[in-house]
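First the structure, in the form of structure tokens, and then the observations on it.
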Amino acid sequence: AGKIAAFLGAQSERSPSMAEAMAQEMLTILRWDEHSGVTLRQLIRWFYRARADISWENPVEWPIILRKHAAILFTGFVDEGQELVLPKGDRVPEDLSVGQVPGHEDAPLVKFTIYGLERTMPGLLSRCPLFSAGMPPVPKRFQRTLIKLVFALYPKPLEAGHGRTSRALRHPEPVLLTGPTSHKSHAVETLAQIAFEEWMFAYKS
């Protein structure tokens, strides 16, 4: 907990007591004995993703936001129906969603949602045959992989004027995808189709 607290304090510029409280909350959520295989690097990655959605002034929300990101990043946090179970018995549905953000014709954005958390990326769904009009609904399992990949590439929401995918691709986070044969490659290809221009910019730069 001490190492985690020191890192959190340095990264968030918060007081040692607040960083220690956050570190303890993370370890409590992990139930350390049951998730002893989680490394310090994975804990840091977890915090790095969650801090974009956390209000430091509202510690009551910490466990909920941290659990939502844990459900995206780790295994063992959801039931068979992919619902996230909170300590008091409340359940958070997965509510997967991928859609074009209206009103951004000049700089189109696509929004990806899971457990009430959102990330957007530059792109057009119409570039991808899978999301074309008249096609059957995209299977949930594939949507889940796609959304988790976006959360890995975009650990924090896009800011106005800072939407280049190249920034996300340069973020040093390895991404582990799981699924049947061709499932993982298809997910990467799908994102490449959606964000073709931005990803080409990242590749060329």
Side-chain angles (χ1 to χ4, degrees), residues 30 35 37-50 52-53 67-84 92-101 108-158 163-205:
L30 280 181
H35 295 81
V38 175
T39 65
L40 179 59
R41 180 174 181 175
Q42 288 173 315
L43 290 174
I44 291 171
R45 184 182 306 158
W46 177 26
F47 169 74
Y48 186 81
R49 291 192 189 187
D53 300 296
R67 279 180 167 82
K68 287 181 177 182
H69 279 278
I72 298 172
L73 188 57
F74 305 123
T75 59
F77 281 87
V78 297
D79 61 17
E80 293 182 358
Q82 296 298 319
E83 283 190 326
L84 174 62
V92 180
E94 191 176 36
D95 282 345
L96 301 173
S97 174
V98 179
Q100 197 73 46
V101 180
L109 297 172
V110 180
K111 182 170 68 175
F112 300 79
T113 307
I114 183 172
Y115 299 119
L117 301 173
E118 298 178 354
R119 292 293 183 269
T120 56
M121 62 176 280
L124 279 171
L125 283 179
S126 59
R127 291 193 187 116
C128 177
L130 194 63
F131 288 94
S132 299
M135 293 293 289
V138 178
K140 280 192 173 184
R141 186 175 185 180
F142 186 77
Q143 284 191 60
R144 187 177 304 118
T145 299
L146 203 61
I147 293 170
K148 288 185 176 183
L149 181 56
V150 169
F151 269 75
L153 295 174
Y154 292 88
K156 62 180 181 179
L158 292 180
R164 281 293 186 189
T165 308
S166 57
R167 291 177 177 265
L169 296 180
R170 288 171 184 156
H171 181 264
E173 177 180 330
V175 180
L176 174 63
L177 298 178
T178 60
T181 303
S182 78
H183 178 95
K184 301 176 288 294
S185 298
H186 192 194
V188 174
E189 290 170 358
T190 298
L191 279 188
Q193 290 170 341
I194 293 172
F196 177 75
E197 292 178 2
E198 289 74 20
W199 282 34
M200 285 300 292
F201 173 87
Y203 175 76
K204 291 177 180 178
S205 63

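What's counted below: heavy atoms across the whole structure, side chains too, no hydrogens, waters or symmetry copies. This is a predicted model, so every value here is computed, not measured. Along the sequence shown, the residues carry numbers beginning at 1.
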Closest heavy-atom pair and its distance - [X], [Y]:
X      : Y      : value
Arg49  : Ile72  : NH1-CG2, 3.9 Å
Leu124 : Pro108 : CD2-CB, 3.6 Å
Cys128 : Gln193 : SG-OE1, 3.2 Å
Lys148 : Ala71  : NZ-O, 4.0 Å
Ser132 : Ser126 : OG-O, 4.5 Å

Please check: side-chain N/O of [X] versus main-chain N/O of [Y], any donor-acceptor pairing under 3.5 Å?
X      : Y      : value
Glu118 : Lys111 : no
Gln100 : Leu109 : yes
Arg119 : Tyr154 : yes

So His186 and Phe142, would you call those rings parallel, tilted or perpendicular, with 30° and 60° as cut-offs?
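Tilted.
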Compare all side-chain heavy atoms of [X] with those of [Y] and state whether any distance is below 4.5 angstrom.
X      : Y      : answer
Phe131 : Val110 : no
Phe74  : Trp46  : yes
Lys68  : Asp53  : no
Tyr115 : Gln82  : yes
Val138 : Thr190 : no
Asp95  : Thr113 : no
Leu73  : Gln42  : no
Met121 : Leu153 : no

Any chance you could measure Phe47, atom CZ, to His69, atom NE2, to the nearest 0.5 Å?
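Going from the CZ atom of Phe47 to the NE2 atom of His69 covers 11.0 Å.
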For the atom pair NZ (Lys184) and OG1 (Thr145), what is the distance rounded to the nearest 0.5 Å?
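If I round to the nearest 0.5 Å, the distance is 9.0 Å.
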